Asks: 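My questions will all concern the structure given below.
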Amino acid sequence: MSPGTATEQLEALLRGTAQVINEKDLLTKLERGTPLRAKLGVDPTAPDIHLGHTVPLEKLRQFQEFGHQAVLIIGDFTAQIGDPSGRSKTRPQLTRDEVLDNAKTYTKQAFKILDRDRTEIVFNGDWFNKMTFAEVIALNARVTMQQMLQREDFKTRIANDQEVRLHEIQYPLVQGWDSVMVRADVEIGGTDQLFNILVGRDMQKSEGMEPQVAMCVPILEGLDGVKKMSKSLDNYIGVSDEPEDMFGKVMSISDELMDRYYTLLLGESRDPEDHPMDAKKALAARIVTRYHSEESATKARENWETRFSQRDLASADLPDYALGDRRDAVGVVADAYASIFQTNRSNGEIRRLLQQGSVQLNGEKLTDPKAEPAWADGDILKLDKKRSVRVKVG
RNA sequence: GGGUAGGUACCGAAGCGGUCAAACGGGGCAGACUGUAAAUCUGUUGGCUACGCCUUCGCAGGUUCGAAUCCUGCCCUGCCCA
């Protein structure tokens, strides 16, 4: 992509955004022809980034492609406060070590999307950890309580008689101050960040700076299609997920959600002539290609087809499960879940799964919890609809 | 500081001396149907060495044959007042 005129850039940059405050300011800034500083703040509350995070990251990269400077703020400090955005409850606070660990993997993954050479990484702890209490108070004096309480999240919580703790009210302030510190021209964020970003504008104005443009991108829904994609809800597709997983997760979404993913992740709409399933396979393959490679996408697709369309587990590529000490149905299934799928299930739960006909051994339902089948090398053990393993003995 | 309403399983919310591992709804999980879709239907949803046993109803004690339910103290939250 070449820099293009200011108007061309504007048009491209506005694509896929939900709200921009305001377009005129953005155009003015673009017309100056000097590289803009586009800020994106991320709180490393969890190590892995998922497709939900990629929406603003892709937007940031678009700025880079036009020759602008990306400023990625790692909220090592803010992560410890906990962003109340979209939250109905106070977030648990993280320790500094957890945050720094998360930050490391986070940036590594972010560079799957961003151009490293045109990204400036800063930690907001660099300035906040140095602030004196007097300075903190002074920061607080810049805004009014009423302004902070205008925030939707707080309003609803208050309306529902739920607690709002004072430190949460500080969050927008802190995020806003980041904008001052990095002299942001534009701040990118999800629509739930609008309030915080606007506080940044106010802060910059009061510092005599030109206010940043608030650019909000839509929030990506998670696999359930309702709630926002997040690690804690376990409804996410991680950019580091294995190709097979990634492909499978995309295939499990609803058709409506697929349309949403098409626009938000690929920036286009799907061909309504295509069969929804084919469209979904295409989407899945493109996502896998983006974060892995075309080969792994093709492979993932083929394997998915033999496994789920043709239900041919025998020729599918399945993880190997080395039989442990226990040989009874409950023991083996529990162990397989734990060792291969990192899923801990209680014996009672496994017993239920067996009785409900979830488990199959070489295509035969295994319903007796106490059964001790004669396990053989290469047995196909299907734990549930989505999870199967190939048994290895000894 | 005073008054008042509360703290029940993943969430919301019943229960208010035994029949309570705790109604109901949501969510989750599994099965059927299918396109590993949605919708729908069914089952299930504390743990275990399982017709029994153990741990749960903010925490700690107490009353009682017996407590989520009664009493005492403590902790926490909302609301009103100061």
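In this text the structure is predicted, and so the values were computed from the model without any measurement.
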Asks: What is the base-pairing partner of B/rC48, counting Watson-Crick and G-U wobble geometry with both distances under 3.5 Å?
Replies: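 Result: B/rG52.
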Asks: In whole angstroms, how far is the C1' atom of B/rC29 from the CD atom of A/Gln355?
Replies: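 The answer, rounded to whole Å, is 15 Å.
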Asks: Consider the side chain of A/Glu163, meaning its heavy atoms from C-beta on, and name the nucleotide among B/rU36, B/rU77, B/rC29 that approaches it most closely.
Replies: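 It is B/rU77.
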Asks: Using the P atom in both, what is the distance from B/rG12 to B/rA82, to the nearest Å?
Replies: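 32 Å, rounded to whole Å.
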Asks: Has A/Arg345 got its NZ or CZ under 6.0 Å from the middle of the six-membered ring of A/Tyr337, at an angle within 45 degrees of the ring axis?
Replies: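 Judged by the rule, A/Arg345 and A/Tyr337 form a cation-pi pair.
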Asks: When the P atoms of B/rG52 and B/rC59 are compared, how many Å lie between them, rounded to an integer?
Replies: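 To the nearest whole Å, 28 Å.
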Asks: Which nucleotide in the set B/rG35, B/rU49, B/rG78 lies at the smallest distance from any side-chain heavy atom of A/Asn347?
Replies: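 So the side chain of A/Asn347 is nearest to B/rU49.
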Asks: Quick check for you: among B/rA30, B/rG35, B/rG47, whose closest atom lies nearest to any side-chain atom of A/Ser346?
Replies: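 Side chain of A/Ser346 sits closest to B/rG47.
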Asks: Can you measure A/Gln162 atom CD to B/rG6 atom P for me and round it to whole angstrom units?
Replies: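 The answer, rounded to whole Å, is 18 Å.
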Asks: How do A/Lys249 and A/Ser358 order along RNA chain B: which one's closest nucleotide is nearer the 5' end?
Replies: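 Residue closer to the 5' terminus by nearest nucleotide: A/Ser358.
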Asks: Tell me yes or no: between the side chains of A/His68 and A/Gln9, is some donor less than 3.5 Å from an acceptor?
Replies: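 Indeed, the side chains of A/His68 and A/Gln9 share at least one donor-acceptor pair under 3.5 Å.
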Asks: Among the nucleotides B/rU77, B/rU36, B/rG31, which one has an atom lying closest to any side-chain atom of A/Asp384?
Replies: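 Minimum distance to the A/Asp384 side chain belongs to B/rG31.
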Asks: Provide the distance between the two C1' atoms, one in B/rA60 and one in B/rU49, to the nearest whole Å.
Replies: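 Rounded to whole Å, the distance is 33 Å.
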Asks: A/Asp255 near the nucleic acid: base, sugar-phosphate alone, or nothing, with a heavy-atom cut-off under 4.0 Å?
Replies: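 Answer is base: heavy atoms of A/Asp255 come under 4.0 Å of a base.
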Asks: Is it true that A/Glu207 and A/Arg183 make a salt bridge, defined as a side-chain N closer than 4.0 Å to a carboxylate O?
Replies: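 Here A/Glu207 does not pair with A/Arg183 in a salt bridge, since their nearest N and O are not under 4.0 Å apart.
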Asks: What is the distance from CD of A/Gln356 to C1' of B/rC41, rounded to the nearest Å?
Replies: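 In whole Å, B/rC41 C1' lies 14 Å from A/Gln356 CD.
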Asks: Out of A/Asp379, A/Asp335, A/Leu383, which residue meets the side-chain contact (heavy atoms from CB on, under 4.5 Å) rule with A/Tyr321?
Replies: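 Among the candidates, only A/Asp335 passes.
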Asks: In this structure, how many angstroms lie between the C1' atom of B/rU36 and the CD atom of A/Gln310, rounded?
Replies: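 Rounded to the whole Å, the gap is 14 Å.
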Asks: Taking pairing as Watson-Crick or G-U wobble with both contacts under 3.5 Å, can you name the mate of B/rC29, or confirm there isn't one?
Replies: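 Across all strands, the one nucleotide that pairs with B/rC29 is B/rG43.
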Asks: Can you check the A/Glu349 CD to B/rG43 P distance for me, whole Å?
Replies: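 Going from CD in A/Glu349 over to P in B/rG43 covers 19 Å.
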Asks: Under a 3.5 Å cut-off for both contacts, is B/rA60 paired Watson-Crick or G-U wobble with anything, and if yes, with which nucleotide?
Replies: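 Looking at the geometry, B/rA60 pairs with B/rU72.
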Asks: Look at the side chain of A/Arg352 and decide which nucleotide, out of B/rU44, B/rA30, B/rG35, has an atom nearest to it.
Replies: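 Among the listed nucleotides, the one closest to the side chain of A/Arg352 is B/rU44.
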Asks: Distance between the C1' atoms of B/rC20 and B/rG28, in whole angstroms?
Replies: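 23 Å, rounded to whole Å.
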Asks: How close do A/Leu114 and A/Leu57 get, counting heavy atoms only, and between which atoms?
Replies: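 Result for this residue pair: CD2-O, 3.6 Å.
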Asks: Take atom CG of A/Asp161 and atom P of B/rC76, then tell me their distance rounded to the nearest Å.
Replies: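 One finds 19 Å between P of B/rC76 and CG of A/Asp161, rounded.
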Asks: Need to verify one output field. Residue with the more 5' nearest nucleotide on RNA chain B, A/Val359 or A/Asn160?
Replies: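 Comparing both residues, the 5'-ward one is A/Val359.
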Asks: At 4.0 Å (heavy atoms only), tell me whether A/Arg351 reaches a base, stays on the sugar-phosphate, or touches nothing.
Replies: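 Since a base atom lies under 4.0 Å of A/Arg351, the category is base.
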Asks: In whole Å, measure the gap between the P atoms of B/rA50 and B/rU77 for me.
Replies: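 After rounding to an integer number of Å, I get 44 Å for this pair.
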Asks: Can a side chain N or O of A/Arg387 be found less than 4.0 Å away from OP1 or OP2 on B/rA30?
Replies: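 Looking at the OP1 and OP2 atoms of B/rA30, one of them is under 4.0 Å from a side-chain N or O of A/Arg387.
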Asks: Would you kindly give the NZ-to-P distance between A/Lys227 and B/rG26, to the nearest whole Å?
Replies: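 These atoms are roughly 13 Å apart.
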Asks: When you get a sec, tell me which of B/rU36, B/rA38, B/rC29 is the closest nucleotide to the side chain of A/Met251?
Replies: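 Looking only at side-chain atoms, A/Met251 lies closest to B/rU36.
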Asks: Under a 3.5 Å cut-off for both distances, is B/rA13 Watson-Crick or wobble paired, and to whom?
Replies: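 Base-paired to nothing in any strand shown.
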Asks: Rounding to an integer number of angstrom, what distance separates B/rG46 and B/rG1 when you compare their C1' atoms?
Replies: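 Approximately 42 Å lies between the C1' atom of B/rG46 and that of B/rG1.
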Asks: Please work out whether the ring planes of A/Phe308 and A/Trp304 are parallel, tilted or perpendicular, with thresholds of 30° and 60°.
Replies: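 Plane angle between 30° and 60°, so tilted.
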Asks: Could you give the CD-to-P distance, from A/Glu256 to B/rG35, as a whole number of Å?
Replies: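 Distance check: A/Glu256 CD to B/rG35 P gives 17 Å.
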Asks: B/rU55 and B/rG47: how far apart are their C1' atoms, nearest whole angstrom?
Replies: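 My reading of the C1' atoms in B/rU55 and B/rG47 gives 7 Å.
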Asks: Would you call B/rC51 syn or anti, using the 90° rule around 0?
Replies: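 B/rC51: syn glycosidic orientation.
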Asks: Please measure how far the P atom in B/rG15 lies from the corresponding atom in B/rU64, and state the result in whole Å.
Replies: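 Taking atom P in both B/rG15 and B/rU64, they lie 28 Å apart.
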Asks: Any cation-pi pair here, A/Lys39 with A/Phe63, using under 6.0 Å and within 45°?
Replies: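 Here A/Lys39 fails the 6.0 Å and 45° test against A/Phe63.
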